[in-house]
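Notes follow once the structure below has been shown.
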Amino acid sequence: IESGAEVYVLGEDERPADNIYGEQPYGDATGRRIAIRYYPLPNKPGGINILDLQDGLNHEILSGKPPFPAFHAWGEWLYYAHAIAGKTLLRRCNYLTLDVENVAELPPERGDYSYGTVSPDHRYYAVSVRPPGGGPSQVHLLDLRTNRWEPASRHIPKRMKITPSPWLCH
């Protein structure tokens with residue numbers, strides 16, 4: 001590279017992989033561990049792993065169809081959806097201890113869940129949900145302390161003017 005930067009390939013896995021977006025990185029606050037989302041190959045399932053950049057160990061957290069983890073940059077937890085025994089759960093894995101916890105059930109009657117984010121205080125989970133009957137997706141908000149769902153629009157002050165970003169309106 002002309003800048004003199006050194007570039008490294010992280011791991012030797014043959015599956016396509018990503019760390020999603022640079023502006024919303026998946027990694028712990030120490031910079032020691034990052035999450036990697038693997039896409040499946042015909043002979044190998046996808047998954048989510050946590051890679052330790054100090055010792056090189058690659059810890060599998062989820063095997064199968066990997067969802068996009070919830071955005072929660074530089075925190076102590078990686079949040080993700082996981083289908084277990086016919087239920088979809090929001091789970092979290094501690095980057096350093098690798099302990100996994102069930103956080104909440106994601107009820108199927110709300111629709112199909114997509115991208116989400118968790119607030120810095122771990123209180124709220126905001127997620128894009130496409131209704132079961134079709135139509136445009138809406139952002140739903142789950143209070144993780146009370147386990148109550150509501151449309152996120154209820155939290156936008158009525159006097160606030162929402163203007164779509166020009167780069168989203170092609």
Side-chain angles (χ1 to χ4, degrees), residues 16-29 33-40 45-51 59-158 160-170:
D18 64 37
N19 180 253
I20 320 299
Y21 302 103
E23 70 273 14
Q24 284 288 356
Y26 292 106
D28 77 309
R33 291 190 169 173
I34 62 169
I36 297 177
R37 180 176 187 253
Y38 289 102
Y39 296 85
I48 297 175
N49 289 29
I50 291 181
L51 175 68
H59 305 275
E60 184 177 85
I61 304 304
L62 171 68
S63 179
K65 184 179 178 187
F68 282 102
F71 296 127
H72 186 74
W74 306 121
E76 64 182 304
W77 299 94
L78 171 70
Y79 287 84
Y80 59 95
H82 188 179
I84 301 173
K87 294 181 180 182
T88 301
L89 301 175
L90 176 64
R91 302 183 91 193
R92 67 184 191 173
C93 177
N94 185 288
Y95 277 104
L96 298 179
T97 67
L98 303 175
D99 291 337
V100 174
E101 297 178 0
N102 295 334
V103 177
E105 185 175 345
L106 303 178
E109 62 272 11
R110 295 191 92 68
D112 293 325
Y113 298 87
S114 184
Y115 295 100
T117 187
V118 177
S119 63
D121 64 359
H122 306 275
R123 167 109 192 238
Y124 297 100
Y125 174 57
V127 62
S128 177
V129 181
R130 190 180 66 213
S137 294
Q138 292 184 329
V139 177
H140 289 237
L141 188 68
L142 173 61
D143 184 325
L144 296 173
R145 286 191 199 148
T146 65
N147 203 36
R148 288 186 43 199
W149 286 91
E150 55 188 80
S153 60
R154 290 191 184 154
H155 294 271
I156 299 172
K158 301 242 185 273
M160 181 184 280
K161 181 180 179 186
I162 306 296
T163 306
S165 172
W167 64 271
L168 291 175
C169 302
H170 302 12

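Values below: every heavy atom of this structure, side chains too, minus hydrogens, waters and symmetry copies.
Taking CD of Glu76 as the reference point, atom OG1 of Thr97 lies at 8.5 Å (rounded to 0.5 Å). The structure places CG of Leu78 at 10.5 Å from CG of Leu98, a figure rounded to the nearest 0.5 Å. To the nearest 0.5 Å, atoms CH2 (Trp149) and CG (Leu106) are separated by 5.0 Å. Summarising the geometry, atom OH belonging to Tyr95 is positioned 6.0 Å from atom CD1 belonging to Ile50; distances are rounded to the nearest 0.5 Å.
Checked against side chain to side chain donor-acceptor pair (under 3.5 Å), Asn147 has no partners two or more places apart in sequence or in another chain. Listed by chain and residue number, Tyr38, Asn58, Glu60 satisfy the side-chain contact (heavy atoms from CB on, under 4.5 Å) test with Asn49 (two or more places apart in sequence, or in another chain).
Checked by atom type and distance alone, the side chain of Asp99 never pairs as donor or acceptor with a backbone atom of Asn94 at under 3.5 Å.
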Sequence neighbours excluded and cut-off under 3.5 Å, please list the side-chain donor-acceptor pairs for residues 81-92, or say none.
from	atom 1	to	atom 2	distance (Å)
His82	ND1	Arg91	NH1	3.1
Arg91	NE	Asn102	OD1	2.7
Arg91	NH2	Asn102	OD1	3.4
Arg92	NE	Glu101	OE1	3.0
Arg92	NH1	Tyr79	OH	2.9
Arg92	NH2	Glu101	OE1	3.0

Review item, side-chain donor-acceptor pairs of residues 131-141, under 3.5 Å, at least two apart:
from	atom 1	to	atom 2	distance (Å)
His140	ND1	Arg110	NE	3.4
His140	ND1	Arg110	NH2	3.0

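The two residues Val127 and Ser114 come nearest to each other via the heavy atoms CG2-O, 3.6 Å.
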ask   = Could you go step by step and tell me if Ile61 and Tyr80 meet the side chain to side chain contact (heavy atoms under 4.5 Å, CB included) rule?
value = CA-CA 10 Å; Ile61 304 304; Tyr80 59 95; 3.5 Å; yes
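Within the structure, every pair that satisfies the salt bridge (charged side-chain N to carboxylate O under 4.0 Å, His left out) test and touches residues 116-144, not counting sequence neighbours, is listed here: Asp112-Arg130, Arg123-Asp143.
Contact annotation: the side chain of Arg33 approaches that of Leu96 to within less than 4.5 Å [non-hydrogen atoms, C-beta and beyond]. In this structure, Tyr113 and Pro108 have side chains that are not in contact, with every pair of non-hydrogen atoms separated by 4.5 Å or more.
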